[in-house]
> 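I have a structure here, written as structure tokens, and I will follow up with some questions on it.
The chains referred to below are lettered A, B, ... by the order of the sequence lines, with proteins before strands, and numbering in each begins at 1. When reading the values below, keep in mind they use all heavy atoms of this one structure, side chains included, and skip hydrogens, waters and symmetry mates.
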Amino acid sequence: MTEGTRPTNFIRQIIDADLASGKHSLVVTRFPPEPNGYLHIGHAKSICLNFGIARDYRGRCHLRMDDTNPAKEEAEYVEAIKQDVHWLGFDWGEDAYHAADYFEQLYQWAEALIRAGKAYVDDQSAEEVRRTRGTLTAPGTPSPFRNRSPAENLDLFRRMRGGEFPDGSRTLRAKIDMASPNLNLRDPVMYRIRREHHPRTGDKWCIYPTYDWAHGQSDAIEGITHSLCTLEFEAHRPLYDWFLEQIGIEHRPRQIEFARLNLTYTVMSKRLLNTLVKDGLVSGWDDPRMPTIAGLRRRGYTPEAIRLFCDRIGVAKADSTVEMDLLENTLRETLNVSAPRALCVHRPLKVVVENWDEGRVDQIDALFMPESPATGSRKLPFTRELFIEREDFMEVPVKGWRRLSPGKEVRLRHAYVLRCTGVKKDSSTGEVTELRATIDPETRSANPKDGRKVGGTIHWVSAPLSSPATLRLYDRLFQVANPGAGEIDFRTQINPRSLQVVEGARVEAALAAVKPAERYQFERKGYYFADPKDSREGAPVFNLIVPLRDTWGKSAAG
RNA sequence: UGGGGCGUCGCCAAACGGUAAGGCACCGGGCUCUGACCCCGGCAUUUGUAGGUUCGAUUCCUACCGCCCCAGCCA
């Protein structure tokens with residue numbers, strides 16, 4: 001499936017049925033992040049699901065900040081979240097909301113529940129509430145304040161709002177069933193007292209609604225038809241429906257749960273991600289190794305690749321962990337047809353072409369994308385002294401070696417066929433320091449006239465007419481597929497080679513003035529992204545987005 | 001243990017009673033001035049297990065087994 005074909009899943013089937021039955025004529029979904037942290041690729045799944053449905057059904061998807069808990073939320077996250085959603089390619093139009101904007105309405109509904117005898121003010125402490133909730137098998141015990149009169153409850157609740165009671169001293173609880181086998185129905189808390197400055201409402205309120213009391217009602221107010229959330233909210237659905245029923249609103253959104261995204265070799269919870277940042281294990285929320293949207297963006301991932309990934313993983317109810325390979329594959333697939341090619345020698349080995357005059361420069365025209373000539377070309381200067389990749393030379397070649405070795409020929413990409421005629425080594429270390437070679441002048445962008453076959457093609461750059469570059473080679477953040485599994489501190493499982501900085505790389509002349517945030521495929525190596533913050537003209541810094549598949553390296557290593 | 005979910009190829013995931021899609025991964029082979037891309041072929045007699053209903057079951061029923069979630073005044 002390529003991006004653009006419609007995904008199908010059980011949620012879309014429900015929507016199809018609702019449209020067919022006439023239950024709804026317009027589909028309205030919502031993406032409700034809590035502004036207490038950065039978005040990660042797990043959120044991207046939800047974003048693509050919700051906005052994707054709105055797009056395909058010509059409906060709407062609202063962006064709603066689920067800001068009911070001022071103790072944890074900050075305004076700075078709101079902007080970051082909006083930026084991430086836009087970057088992913090989605091637009092909520094005029095429909096940006098805050099749960100906090102519904103506080104007054106929620107309060108009025110709460111009073112109505114009190115009048116109806118469906119909610120009461122509880123004077124018990126958090127500790128007492130916890131102790132009397134019962135267990136999985138034993139029912140809870142009713143609060144001694146459970147049967148206060150509506151009038152007393154109303155008075156108390158108003159005084160709670162008025163600030164007469166200290167933080168945590170009282171709550172408003174829904175009066176449902178302390179013996180319910182579903183713990184969420186054992187008189188859940190609707191309001192807690194908390195003198196906390198709210199980024200949206202300031203100091204207007206000292207009581208704040210809980211998620212359960214705020215979410216369904218917010219959905220109803222906005223006319224959401226399908227409220228999509230993750231599996232752990234499944235047991236909350238009876239409560240979601242109960243509140244809607246009690247306030248008597250006619251619009252009834254339907255909550256549907258799906259499995260959250262897990263990815264191998266990384267962690268996804270905000271808590272763990274936060275630990276990585278706080279402990280300095282990564283450079284920040286936008287460290288290119290992070291699964292955050294900001295991190296992936298900094299790394300060079302594209303929105304289209306992430307969207308394609310989200311289409312491919314599907315949406316279902318079974319707990320699952322997707323292999324990182326699938327994500328990387330969507331990057332390669334999309335970048336293969338969009339990234340111009342370039343030559344970059346990561347670890348240079350000097351080659352002197354003995355039959356090429358000093359000072360002579362041959363400007364060879366090379367297509368940026370051989371399969372899309374319309375993309376244009378650039379000049380590759382060929383000179384007497386070149387650099388090739390150290391690992392493309394092997395003094396004693398192994399079986400199947402198609403690259404350079406003494407006396408053998410190899411094709412220099414876009415240029416000439418080159419034969420290695422000599423090897424210079426450091427007398428003390430034995431390390432190869434320089435190669436001597438000759439080129440076949442008849443082979444400039446052409447095959448040998450005598451019809452002989454040249455096995456391999458390697459990349460190269462002119463030694464004098466190339467530029468130095470810094471490469472940041474990224475690899476999976478963790479060494480194990482499921483970090484933190486089995487009592488192990490996930491911090492000890494970080495991949496020590498998750499970032500390798502290569503300082504002495506050389507890029508072809510055309511890349512001397514590369515602009516930040518440009519993407520290239522460095523042929524035979526991988527896809528790279530000029531770091532948007534650190535790369536500058538004359539001193540380019542490239543982040544490895546994803547390496548090219550390497551069947552040779554794999555078989556050689558295995 | 002009570003409640004709510006889920007179990008289809010190594011990883012995702014279709015199939016909605018008519019005889020197991022697709023993607024990723026993997027394994028062969030071809031092509032190749034990127035050992036990339038691309039192309040061809042292979043990859044579940046079987047859908048957690050055991051029974052049952054049916055001409056026919058991944059789809060319906062029953063019982064087991066396994067995994068996940070719920071005892072925040074977090075979301």
> Between the base of B/rG35 and the side chain of A/Arg403, is there any donor-acceptor pair under 3.5 Å?
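Such a pair exists between side chain and base.
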> For A/Gly140, which contact category applies under a 4.0 Å heavy-atom criterion: base, sugar-phosphate, or nothing?
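No contact at all - A/Gly140 keeps every heavy atom at 4.0 Å or more from the nucleic acid.
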> Say you pick atom P in B/rU46 and the same atom in B/rA57; how far apart are they, in whole Å?
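These two P atoms come out 14 Å apart once rounded.
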> Under a 3.5 Å cut-off on both pairing distances, which runs of 3 or more consecutive Watson-Crick or G-U pairs involve RNA chain B?
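Consecutive-pair runs (3 or more) involving RNA chain B: B:2-7 with B:65-70, B:10-12 with B:22-24, B:26-30 with B:38-42, B:48-52 with B:60-64.
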> Let me know which of A/Lys278, A/Lys270, A/Arg271 forms a side-chain hydrogen bond (donor to acceptor under 3.5 Å, both in side chains) with A/Asn274.
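It is A/Lys278, the one option of A/Lys278, A/Lys270, A/Arg271 that forms the side-chain hydrogen bond (donor to acceptor under 3.5 Å, both in side chains) with A/Asn274.
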> Expected output is a numbered-order residue list: members of residues 164-176 of chain A with a heavy atom under 4.0 Å from any atom of RNA chain B. What is it?
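RNA chain B contact set from residues 164-176 of chain A: A/Gly168, A/Thr171.
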> Less than 3.5 Å between a donor and an acceptor, one on the side chain of A/His459 and one on the base of B/rA36, is that the case here?
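Checked by distance alone, the answer is no.
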> Expressed in whole Å, how much space separates the P atoms belonging to B/rC68 and B/rA21?
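Comparing P positions in B/rC68 and B/rA21 gives a spacing of 31 Å.
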> Describe the nucleic acid contact of A/Val315 in one word from base, sugar-phosphate, nothing, applying a heavy-atom distance below 4.0 Å.
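The residue A/Val315 makes sugar-phosphate contact but no base contact.
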> Looking only at the side chain of A/Val129 (C-beta and beyond, no hydrogens), which of the listed nucleotides B/rG23, B/rC73, B/rG2 gets closest?
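Among B/rG23, B/rC73, B/rG2, the one nearest the side chain of A/Val129 is B/rC73.
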> Using the ring-ring contact (aromatic ring centres under 6.0 Å, His included) criterion, which residues pair with A/Phe382? Sequence neighbours excluded.
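A/Phe382 satisfies ring-ring contact (aromatic ring centres under 6.0 Å, His included) with A/Trp356, A/Tyr416, A/Trp460 once adjacent residues are dropped.
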> Decide yes or no, distance alone: a donor-acceptor N/O pair under 3.5 angstrom between the base of B/rC38 and the side-chain of A/Glu371.
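Result: no qualifying N/O pair found.
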> Hey, is the side chain of A/Glu257 pairing donor to acceptor with the base of B/rG5 inside 3.5 Å?
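Answer no: no donor N or O sits under 3.5 Å from an acceptor.
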> Just confirming the chi classification of B/rG5, syn or anti, using 90° around 0 as the syn window.
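You should classify B/rG5 as anti.
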> Using the rule for Phe, Tyr, His and the six-membered ring of Trp, do A/Tyr211 and B/rA75 stack at under 5.5 Å and under 30°?
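Per 5.5 Å and 30° rule: no stacking.
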> As a test of understanding, state which of A/Tyr208, A/Phe165, A/Phe157 forms a ring pair (Phe, Tyr, Trp, His ring centres under 6.0 Å) with A/Tyr191.
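Of the listed options, the one satisfying the test is A/Phe157.
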> When you compare B/rA20 with B/rA14, how far apart are their C1' atoms, in angstrom units rounded to a whole number?
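The answer is 10 Å between these two C1' atoms.
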